[in-house]
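A short write-up of the structure that comes next.
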Protein chains: 2
Amino acid sequence: MTAQGDQLSQVGEGANRPSLPSGEQRDIPEATVARLALYLRALTSLAERGTATVSSDSLATAAGVNSAKLRKDLSHLGSYGVRGVGYDVSLLSQHIQRTLGLDENRAVALIGFGHLGQALAGYAGFASRGFRIAAIIDTDPELIGSRLRGVTVEHADRLAEVVRRAQISIAVIAVPAAVAQEVCDRLVAAGVTSILNFAPTVLGVPEHVDVRKVDLAAELQILSFHDSRKSHKTLSNNFVGATVDQRMSVVAKSGVIS
Amino acid sequence: MTAQGDQLSQVGEGANRPSLPSGEQRDIPEATVARLALYLRALTSLAERGTATVSSDSLATAAGVNSAKLRKDLSHLGSYGVRGVGYDVSLLSQHIQRTLGLDENRAVALIGFGHLGQALAGYAGFASRGFRIAAIIDTDPELIGSRLRGVTVEHADRLAEVVRRAQISIAVIAVPAAVAQEVCDRLVAAGVTSILNFAPTVLGVPEHVDVRKVDLAAELQILSFHDSRKSHKTLSNNFVGATVDQRMSVVAKSGVIS
DNA sequence: ACGCCCTTGTGAACGCGTTCACAAAATCGT
DNA sequence: ACGATTTTGTGAACGCGTTCACAAGGGCGT
């Protein structure tokens, strides 16, 4: 199986936009967008190691996908690879970053500063990947006023004000399920248009707002499903586990990624 | 909207759970499995509210999918709905739980007890949904020996021993990326066959092991992609004050959902 | 009993995404 | 200069999953 994150999230738009906005980039398939992040990480890792060019094949293994898929994905963004050689690591990396809109150093609001919120805030890949936590909100008096890397934790009452002033359009919800919808409504009212939701709830939002959710219980349950089936089988026929991609990665790569 | 999962599954033959007399749930599409968790949550919520039966239509809205999809999903597990009436809430709920293997109260190992690990451990939906944290592992001397709901935090050196003794087959990796592969290898060696990985790394595993990953940076980047495109299209209208219609739809939906 | 109305279950069409397989570039060695 | 070699980019086939639309089934009122 695959493995890697899946998710399909829903982008909430109802009416699609057949008409290209003011666009330069043509439509990139959703599945491809979801993988660009993986490629980007692999590329960053390669760059740190001083690699200048990389073939679709080795980049693919590093990212845990197969090479045909990788090439097709890159072709969607009008990639510039060189036949017989491969891709220029830093060039491709920049290209992907631009495509994902990461060159704008986007401001993100973090709502909920409990364990999960703090874990997210401390997540290294945050700042290093084009995101900046511009606001932190909670309701706990113990937390309010504390600072994290220059950002002060504000009370939920000031949510709208803070979000508006910092021109934040992306928010991460890391609050208990019971208050998630309320928080969401306030964020939307304050102008947030993209939400990453960690609370186990289906959020209702207007159609111009995008919600992606990360559902821990669901992930575990999916694992559980496969696991419970595995236990009824003999060792000789379990292909139930890893994907082809992963099998390849086992051979070629453990340790390569960092 | 949503899309989720990729994952190619292929469950080999269909010997089912021996304990089930009539169960012939074989070949459940991966996409369906991923949604069962959502249905289960919605059903639980309905049950708490005392609802006895529910139509595919309202269950679908509660879970955030459309009703045709829901019905097809349920049909894959040989569901027992009643035409003209709907589904029996508690019956369906039990059926899904069995299908996901949640009736076995599965033991899970949590590796890494930093902020993320603690957030996961404190996650309510954990115990309440068929999972039991049977072991917690870390390397920080400050943490080792502390207890959480009867489980003592053990040092990583004892990982194999602890995992083997508790017969754990599912583990959650919540450690820094740099050590994730090593932890993974040890888990596999100790007999773990299903892993939920929060570290931003591609894990190499043998083919009989299933890995799912939750990639925070990737999620944000996907949001960023859509968000950056939206801003081009909406330059002219600032939704800092969403229209009344939009707000109302928020209100209306939120009432329906939980 | 009977017919109306409601809701499920599903065959069929459709669309998206993955995989295959190969022709088109580009480099390198001789 | 040129052929051998490598690796990209992509048209085409395929397969999975979603959506549509409707027949089949079941309850309920009369």
Side-chain angles (χ1 to χ4, degrees), chain A residues 1-11 14 16 18 26-36 38-39 51-61 63-89 91-92 95 243-248, chain B residues 1-11 24-25 27-36 38-39 51-61 63-89 91-92 95:
Chain A
M1 338 220 117
T2 283
Q4 309 271 352
D6 41 262
Q7 207 116 50
L8 335 175
S9 121
Q10 36 195 200
V11 175
N16 301 336
R26 29 219 164 136
D27 326 298
I28 299 178
E30 191 57 31
T32 294
V33 173
R35 281 185 297 263
L36 289 180
L38 297 181
Y39 304 150
T51 313
T53 65
V54 64
S55 71
S56 66
D57 212 52
S58 53
L59 179 55
T61 0
V65 304
N66 79 38
S67 64
K69 196 185 290 188
L70 172 83
R71 287 200 301 278
K72 176 84 69 177
D73 283 342
L74 295 186
S75 79
H76 284 300
L77 44 117
S79 139
Y80 283 48
V82 180
R83 295 178 191 228
V85 176
Y87 301 89
D88 181 286
V89 172
L91 214 65
L92 181 54
H95 197 350
T243 58
V244 174
D245 302 335
Q246 282 194 314
R247 285 180 223 146
M248 294 176 59
Chain B
M1 302 226 196
T2 290
Q4 213 162 80
D6 34 277
Q7 203 135 53
L8 337 163
S9 86
Q10 72 165 350
V11 174
E24 67 274 10
Q25 50 207 53
D27 263 17
I28 297 180
E30 192 55 33
T32 294
V33 173
R35 281 186 297 264
L36 289 181
L38 298 182
Y39 304 151
T51 314
T53 64
V54 63
S55 71
S56 66
D57 213 51
S58 53
L59 180 54
T61 14
V65 304
N66 79 40
S67 64
K69 195 184 292 189
L70 171 83
R71 287 200 302 276
K72 179 135 312 202
D73 282 343
L74 295 186
S75 79
H76 284 300
L77 43 116
S79 136
Y80 281 48
V82 181
R83 297 179 191 229
V85 176
Y87 300 90
D88 181 286
V89 172
L91 215 65
L92 181 56
H95 197 350

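FYI, side chains are in, hydrogens and waters are out, and symmetry mates aren't considered; it's all heavy atoms of this structure. Every chain is numbered from 1 and lettered A, B, ... according to where its sequence line falls, protein lines coming before strand lines.
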- Message: I want to confirm an ordering. Mapping A/V85 and A/R35 to their closest nucleotides on DNA chain C, which one lands closer to the 5' end?
- Response: A/R35
- Message: Any heavy-atom pair between the side chains of B/L74 and B/L70 that's under 4.5 Å?
- Response: yes
- Query: Rounded to whole angstrom units, what separation is found between the CG atom of A/D73 and the C1' atom of C/dT18?
  - Reply: 10 Å
- Message: Between the base of D/dT7 and the side chain of A/R83, is there a donor and acceptor pair under 3.5 angstrom?
- Response: no
- Output yes when at least one side-chain N/O atom of B/Y87 is less than 4.0 Å from OP1 or OP2 of C/dG9, else no. yes
- d(CG, A/L92; P, D/dT7) in whole Å: 16 Å
- Task: Look at B/S56 and C/dT7 and indicate whether a side-chain polar atom (N or O) is within less than 4.0 Å of OP1 or OP2.
- Result: no
- In whole angstrom, give the distance that lies between atom NE2 of A/H76 and atom C1' of C/dG17. 8 Å
- In this structure, CZ of B/R35 is separated from CD of B/E30 (nearest 0.5 Å) by 10.5 Å
- Note on the structure: To the nearest angstrom, the OH-P distance between B/Y39 and C/dT8 comes to 13 Å
- Message: Assess the residue pair A/V65 and A/D73 against the criterion (side-chain contact (heavy atoms from CB on, under 4.5 Å)); give the C-alpha distance rounded to whole Å, side-chain angles, the decisive distance to 0.1 Å, and a yes or no.
- Response: CA-CA 11 Å; A/V65 304; A/D73 283 342; 6.0 Å; no
- Query: Between D/dG9 atom P and A/D57 atom CG, what is the distance in whole Å?
  - Reply: 14 Å
- Message: Between A/N66 and C/dT19, is there a contact of a side-chain N or O with OP1 or OP2 at under 4.0 Å?
- Response: yes
- On DNA chain D, nearest-nucleotide positions of A/G86 versus A/K72: which is more 5'? A/G86
- Is any side-chain heavy atom of B/L92 closer than 4.5 Å to a side-chain heavy atom of B/V54? no
- Message: Just the rounded figure in Å: distance from P of C/dA23 to CZ of A/R71.
- Response: 15 Å
- Rounded to whole Å, the OH-P distance (A/Y80 to C/dA24) equals 21 Å
- For A/G84 and B/A68, take the nucleotide of DNA chain C holding the closest heavy atom to each; which residue's nucleotide lies nearer the 5' end? B/A68
- Item | Student check: side-chain heavy atoms of B/Y80 and B/D88 closer than 4.5 Å | no
- Query: Starting at CG of B/L77 and ending at P of C/dT10, how long is that distance when rounded to a whole Å?
  - Reply: 12 Å
